[in-house]
Amino acid sequence: MPTSLAQLNTFGLQQYCSSLVRVSSKVKLIDTCAHLYLKQMPMLIVGGGSNLVFTSDYQGTVVNIATKGIKVTTDTDYYYVNVQAGENWHELVEFCLANQINGLENMALIPGTVGAAPIQNIGAYGVEFNRFCHEIEFLRLDTNELQVFSNQQCHFSYRESIFKQELKNLVVVTEVTLKLPKQWQPVLDYGPLQHMDPLTVTAKQIFDCVCQVRQSKLPDPKVLGNVGSFFKNPIVEASKFIELKDQFPTMVAYEQVDGQYKLAAGWLIEQAGLKGTRIGGAAVHQDQALVLVNVGQASGEQVCLLARHIIEVVFNKFTVTLQAEPRIMGPDGEIDINE
Ligand SMILES: Cc1cc2nc3c(=O)[nH]c(=O)nc-3n(C[C@H](O)[C@H](O)[C@H](O)COP(=O)(O)OP(=O)(O)OC[C@H]3O[C@@H](n4cnc5c(N)ncnc54)[C@H](O)[C@@H]3O)c2cc1C
């Protein structure tokens, strides 16, 4: 039966899917996905819908993951936190803090589920998921096998993993195991955290600071639909950065370990004069240029039109190509934003 996806995407897009199954046990999740794949029925896994833009109704079954469970084991040096895919990411961060398991605090308040975290290797305030990922368990749809990948096998990089590349659409993440050292080291390289004292700071103080900054900076999707950062921060060669810095001396960028530079996409969009730009119900947020918002009845098409306009204007000014971070969905599956 056609079912509304309005509550299953944080942009609040009014689209439908042909049918919706909500699964709260791992066995049911595996059975449901294996069956749909075997019958060649199109399916889309959705956790919290905080990284998806629907441009039309989805002609297939949406499988909404709601599996729950957290188990902690330890050895001399580490905590191992095994989590079912449907657990809420922020609640996991809170659970860990409450149990003196530190490390995830910089990634507080990232919306969505634990199972989606490895897909784009979520990250914030200098810490990425792969820093603490031990193993990912998943159903491999084409072989109908339950497999476990180590951190290395996931090929994590900035907002990337094997699950968005070679194994795209072939995997349903069922469980995630994190490995967090008992000897905690704060990460204070970014933004407001830089003012904290590494010798005295606690994980709870970092958590509180990150929550406070995020709540003051990012629009709440329940009030103003959005998917967080709409574009990845582009990474350029050092020579290109030097060229740009000559032309635009205030350009914001972060040097990477490999000598490349990560440019602040929000800065590029703001400097291109695009803050507040609107197409239909889709707009560039007035304060956060990196966030596109639903100011009322936006369609996915309008969101993509606006995103393409931003990509073009930014390229014309800086010769840098922005890439969309969320996954753009057409009627039959993922599409390129330029389609
Ligand atoms: C306000 C806001 C702030 C944000 N801030 C950040 C941030 O700081 N850092 C960051 O990295 N991201 C951020 N995001 C993006 C988003 O929170 C993450 O991408 C998150 O991991 C998405 O989780 P989800 O459960 O909502 O995934 P969904 O949107 O439901 O799915 C995203 C993709 O993953 C796939 N998927 C989901 N679960 C599974 C599974 N179990 N197995 C296989 N495939 C699966 C889906 O099919 C889809 O392709 C933000 C989003 C919002 C709305």
Side-chain angles (χ1 to χ4, degrees), residues 5 7-13 17 23 26 29-30 32-33 42-54 58 60-67 83-93 106-130 136-141 149 154 156 158-164 167-176 190-191 210-211 213-215 217-233 266 285 288 290-294 324-329 333-335:
L5 291 168
Q7 299 300 319
L8 278 180
N9 75 97
T10 60
F11 220 105
L13 300 166
C17 60
V23 282
K26 187 168 119 177
L29 173 62
I30 292 170
T32 305
C33 295
M43 74 167 121
L44 173 68
I45 310 296
V46 174
S50 60
N51 209 26
L52 284 167
V53 174
F54 292 99
Y58 178 65
T61 303
V62 163
V63 179
N64 183 214
I65 302 195
T67 52
V83 195
Q84 297 299 307
E87 286 283 352
N88 175 274
W89 175 264
H90 178 70
E91 285 169 17
L92 171 67
V93 177
N106 296 50
M107 294 188 281
L109 278 187
I110 299 182
T113 52
V114 170
I119 307 294
Q120 74 148 3
N121 186 27
I122 59 168
Y125 294 95
V127 178
E128 287 183 323
F129 171 83
N130 65 325
I136 303 295
E137 182 196 83
F138 57 89
L139 171 69
R140 176 87 190 244
L141 292 164
F149 267 10
C154 296
F156 290 120
Y158 171 61
R159 299 295 179 270
E160 279 297 342
S161 74
I162 195 166
F163 309 116
K164 279 176 77 180
L167 296 185
K168 187 169 163 179
N169 299 329
L170 289 177
V171 159
V172 181
V173 173
T174 48
E175 288 181 14
V176 164
Y190 272 77
V210 168
C211 289
V213 173
R214 288 185 70 107
Q215 276 162 345
K217 269 177 56 176
L218 287 172
D220 179 354
K222 290 195 192 92
V223 180
L224 204 54
N226 74 88
V227 286
S229 306
F230 202 93
F231 298 100
K232 294 184 194 177
N233 289 318
H285 192 263
Q288 292 301 324
L290 195 48
V291 181
L292 304 192
V293 289
N294 184 350
E325 188 176 304
R327 301 181 83 170
I328 314 297
M329 300 303 299
E334 191 172 353
I335 54 171

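We count ligands from 1, going down the list as the structure has it; atoms in each ligand are counted the same way. Both backbone and side-chain heavy atoms feed into the values below; hydrogens, waters and symmetry mates do not.
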Mark yes or no for whether [X], through its side chain, and [Y], through its backbone, hold a donor-acceptor pair below 3.5 Å.
X      : Y      : answer
Asn106 : Gly126 : no
Thr67  : Gly86  : yes
Trp89  : Met107 : yes
Ser50  : Thr10  : no
Tyr158 : Gly123 : no
Asp220 : Leu218 : no
Lys164 : Arg159 : yes

If you count the atoms of ligand 1 from 1 in the order shown, which ones are under 4.0 Å from a heavy atom of [X]?
X      : value
Asn226 : 1 (C), 53 (C)
Val46  : 30 (O)
Gly112 : 23 (O), 24 (P), 25 (O), 26 (O)
Ala124 : 8 (O)

| field | No-hydrogen, no-angle side-chain donor-acceptor test under 3.5 Å, Glu137 and Thr174 | value |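 Result is yes, a qualifying pair exists.
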Please confirm whether [X] comes within less than 3.5 Å of ligand 1 when only nitrogen or oxygen atoms on both sides are compared.
X      : value
Gly48  : yes
Val172 : no
Val173 : yes
Leu44  : no

For [atom], tell me which residue out of [options] has the closest non-hydrogen atom.
atom                    : options                        : answer
atom 15 (C) of ligand 1 : Ser50, Pro118, Gly228          : Ser50
atom 14 (N) of ligand 1 : Ile328, Val227, Val63          : Val227
atom 31 (O) of ligand 1 : Ile136, Leu52, Ile122, Leu141  : Leu52
atom 29 (O) of ligand 1 : Asn51, Thr10, Asn121, Val210   : Asn51
atom 19 (O) of ligand 1 : Arg327, Gln84, Gln120          : Gln120
atom 17 (O) of ligand 1 : Gly123, Pro111, Ala108         : Pro111
atom 8 (O) of ligand 1  : Gln288, Met107, Arg214, Glu334 : Arg214

| field | Test of ring centre spacing under 6.0 Å for Phe163 and Phe138 | value |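 Under 6.0 Å, so yes.
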Just need the protein heavy atom nearest to [atom], so name the residue and atom and give the distance.
atom                    : result
atom 25 (O) of ligand 1 : Thr113 OG1, 2.7 Å
atom 13 (C) of ligand 1 : Ile110 CG2, 3.8 Å
atom 44 (N) of ligand 1 : Ile119 CD1, 3.5 Å
atom 30 (O) of ligand 1 : Gly47 N, 2.7 Å
atom 27 (O) of ligand 1 : Ala116 CB, 3.4 Å
atom 43 (C) of ligand 1 : Val171 O, 3.4 Å
atom 47 (O) of ligand 1 : Ile45 O, 2.6 Å
atom 28 (P) of ligand 1 : Gly49 N, 3.6 Å

| task | Any chance you could measure Asn226, atom CG, to Phe11, atom CZ, to the nearest 0.5 Å? | result |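 Reported to 0.5 Å precision, the distance equals 7.0 Å.
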| Can you list the steps and then say if Met43 with Leu141 is a side-chain contact (heavy atoms from CB on, under 4.5 Å)? | CA-CA 11 Å; Met43 74 167 121; Leu141 292 164; 3.9 Å; yes
| task | Tell me which part of Arg159 gets within contact of ligand 1: side chain, backbone, both or neither, using heavy atoms under 4.0 Å. | result |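 Looking at Arg159 and ligand 1, just side chain atoms fall under 4.0 Å.
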| Hey, is Asn9 touching ligand 1 through its side chain, its backbone, both or neither, going by heavy atoms under 4.0 Å? |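 Neither; no heavy atom under 4.0 Å.
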| request: Starting from the C-alpha separation in whole Å, work towards a yes-or-no answer on side-chain contact (heavy atoms from CB on, under 4.5 Å) for Asn121 and Glu160. | output: CA-CA 6 Å; Asn121 186 27; Glu160 279 297 342; over 6 Å; no
| said: Any carboxylate oxygen within less than 4.0 angstrom of a Lys/Arg side-chain nitrogen, looking at Arg327 and Glu334? | reply: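 Counted as a salt bridge, because a side-chain N and a carboxylate O are separated by less than 4.0 Å.
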| Pick one: which of Pro118, Ser161, Cys154 meets side-chain contact (heavy atoms from CB on, under 4.5 Å) with Phe149? |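 By the side-chain contact (heavy atoms from CB on, under 4.5 Å) criterion, Phe149 pairs with just one of Pro118, Ser161, Cys154: Cys154.
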| Hey, are the side chains of Ile110 and Arg214 touching, using non-hydrogen atoms and a 4.5 Å cut-off? |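 Yes; the side chains approach each other to less than 4.5 Å.
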